[in-house]
2 protein chains.
Amino acid sequence: MALRRDAQRNRERILSAAHEVFAARGFAATLDDVAHHAGVGVGTVYRRFPTKEELIEAVFTDRLEDLVTLAEEALAAPSAWEGLTGFLRTSARWHAADRGLRDAALSMDEQHFTTASEQIVPLLEQIMERAHAEGTLRADAGFHDFPIIMAMVTELAQHSADCRPGLYERYLELVIDGLRARPDNGSLGHAPTDTDIRAVMRQCVPPLRPSRT
Amino acid sequence: MALRRDAQRNRERILSAAHEVFAARGFAATLDDVAHHAGVGVGTVYRRFPTKEELIEAVFTDRLEDLVTLAEEALAAPSAWEGLTGFLRTSARWHAADRGLRDAALSMDEQHFTTASEQIVPLLEQIMERAHAEGTLRADAGFHDFPIIMAMVTELAQHSADCRPGLYERYLELVIDGLRARPDNGSLGHAPTDTDIRAVMRQCVPPLRPSRT
DNA sequence: GCAGAAGTTGAGGAATCCCCTCCACTTAGT
DNA sequence: ACTAAGTGGAGGGGATTCCTCAACTTCTGC
């Protein structure tokens, strides 16, 4: 059953407003905000998207897939190092510019996470392997470091978004220089496990709903 | 006018409980928590420390001064590089182990900030200068990077505190390797200004009180 | 036009959270 | 034993946010 024409138009307004509002304030933004931004009442938002989660999914599914495409492109870069650092820089820029995207990437539930992982983890592994083979990436860094580095740098990006949007880039460059293979690098110790990564990711995003402690 | 003996004992219990509770959960911990932990009623806490701020100040003033001492010791290290990295590692360890200390360091009001800055900024400058002179620190890193690096790394430390307390060390080492002077380092771009640093610091700690937006 | 289905609205219900107050009650100390 | 000091903890007050609902408006097919 197709939507009435005005309802369809409102649906699109809501999606577009949600994208804007979430981009600026992350999932902490309220649906009242989204409604106001879209020029409709809250009730309309809830009629179209019964829960906040469903609205979020409708807004960010595509954007998350763009990240997979980005990883694929990184593998096709002229050199492994360019591919690796290009992926870090571009995905950091995307996450910095769209807090909602970051929150979406970090707060996926188990099901979404599994699906996404199956797509992107093999790509990250290949990106890292290729750089190891090239000899440009330090041997003790692995693909497990990707999500943690991203979480760390983009968190800084959020904190400085209002005063100086590009500040995070400086510290990403610092980390990138730390990732280069060097004869006299220090040692990094144990890499994070998948469990660690999941736990850190969860900690990086505030719960959608008042926490049940 | 001296406190009654039981009141004195309770005051100490409160301070010690506050330290524990803030160390574990940061300033987000409630005074009800502190009271419960101390085995006293909330009323007792408020009788001794009229506001949350005053309790925090009573608990953390000394610990903040320890950081100044640490910076002084860093200047006396055998090499500039050892001093610099030792200071980063130790202060990161302190902040990682005591979330309250981190919150205190990041959320000082203007008055405390000014006082503290006057003490520690000259030390950080000297630590950095010494390392520049030694030739071990990359030329485009400055003392302004200290607080940002600390904020970034200790935030990760908080996020992984429950699952893997030492995880942050790996990424601190990565950053430290990125700080080394190298012929082929990338360039870092603009250093943060004092204003940027203050803004990022504020963003790193949730407001003590419900925000007035 | 018009009937009725579909859609809209926004105040407010319900749940949480947390700082802090208040006052009936207890205890230390002379 | 008396009094001043101290204590406890329910609850006031203010904030936040998700979501509902009943009265109202607009679209659409006939």
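All figures in this text were calculated on a predicted structure; none of them were measured in a lab. Order of the sequence lines fixes the chain letters, A, B, ..., with proteins taken first and strands second; residue numbering starts at 1 for each chain.
- With rounding to whole Å, A:L55 atom CG is found 11 Å from D:dC19 atom P.
- Across all strands, A:T44 comes closer than 4.0 Å to base atoms (heavy-atom distances).
- Rounded to an integer number of Å, the gap from CD1 of A:I14 to P of C:dG7 is 12 Å.
- In this structure, A:R9 atom CZ and D:dT25 atom C1' are separated by 13 Å, rounded to whole Å.
- Map A:G41 and B:K52 each onto its nearest nucleotide of DNA chain C; the residue landing nearer the 5' end is A:G41.
- You'll find the ring centres of B:H159 and B:Y168 outside the 6.0 Å limit.
- Judged by distance alone, the side chain of A:S160 and the main-chain N or O of A:C163 form no donor-acceptor pair under 3.5 Å.
- Summarising the geometry, the separation between NE2 on A:H36 and P on C:dT9 is reported as 12 Å, rounded to the nearest angstrom.
- A:T193 and A:D196 form a side-chain donor-acceptor contact under 3.5 Å, judged by distance and modelled atom types alone.
- A donor-acceptor pair is defined here as one N or O able to donate and one able to accept, closer than 3.5 Å; such a pair exists between the side chain of B:T51 and the backbone of B:E54.
- In this model, the phosphate group of D:dT7 is approached by a side-chain N or O of B:N10 to a distance below 4.0 Å at OP1 or OP2.
- Residue A:F87 forms a ring pair (Phe, Tyr, Trp, His ring centres under 6.0 Å) with just one option from A:F143, A:F146, A:W94, and that option is A:F146.
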Write down the protein N/O and nucleotide N/O pairs, taken from nucleotides 20-22 of chain D, whose separation is under 3.5 Å; answer none if there are no such pairs.
none

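- Between B:F22 and B:F27, the ring-plane angle classifies as perpendicular under the 30° and 60° cut-offs.
- A close approach under 4.0 Å does occur between a side-chain nitrogen or oxygen of B:R47 and OP1 or OP2 of D:dG6.
- The 5' end of DNA chain D is approached more closely, in terms of each residue's nearest nucleotide, by B:R4 than by the other of B:R4 and B:V40.
- When each of B:D6 and A:D6 is assigned the nucleotide of DNA chain D with its nearest heavy atom, B:D6 is the one assigned upstream, toward the 5' end.
- Backbone-only engagement by B:R48 is indicated by non-hydrogen atom pairs under 4.0 Å involving sugar-phosphate atoms exclusively.
- Not a single donor-acceptor contact under 3.5 angstrom links the side-chain atoms of B:R5 to the base of C:dA28.
- One can place CZ of B:R11 at 16 Å from C1' of D:dA5, the figure rounded to the nearest angstrom.
- Within the 4.0 angstrom heavy-atom criterion, base atoms lie near B:D32.
- A donor-acceptor pair shorter than 3.5 Å can be found between the side chains of A:H144 and A:D194.
- Atom CD in B:Q8 sits roughly 16 Å away from atom C1' in C:dG29 (whole-Å rounding).
- Atom CD in B:E53 sits about 6 Å away from atom P in C:dC20, given to the nearest Å.
- One can place CG of B:D33 at 15 Å from C1' of C:dT16, the figure rounded to the nearest angstrom.
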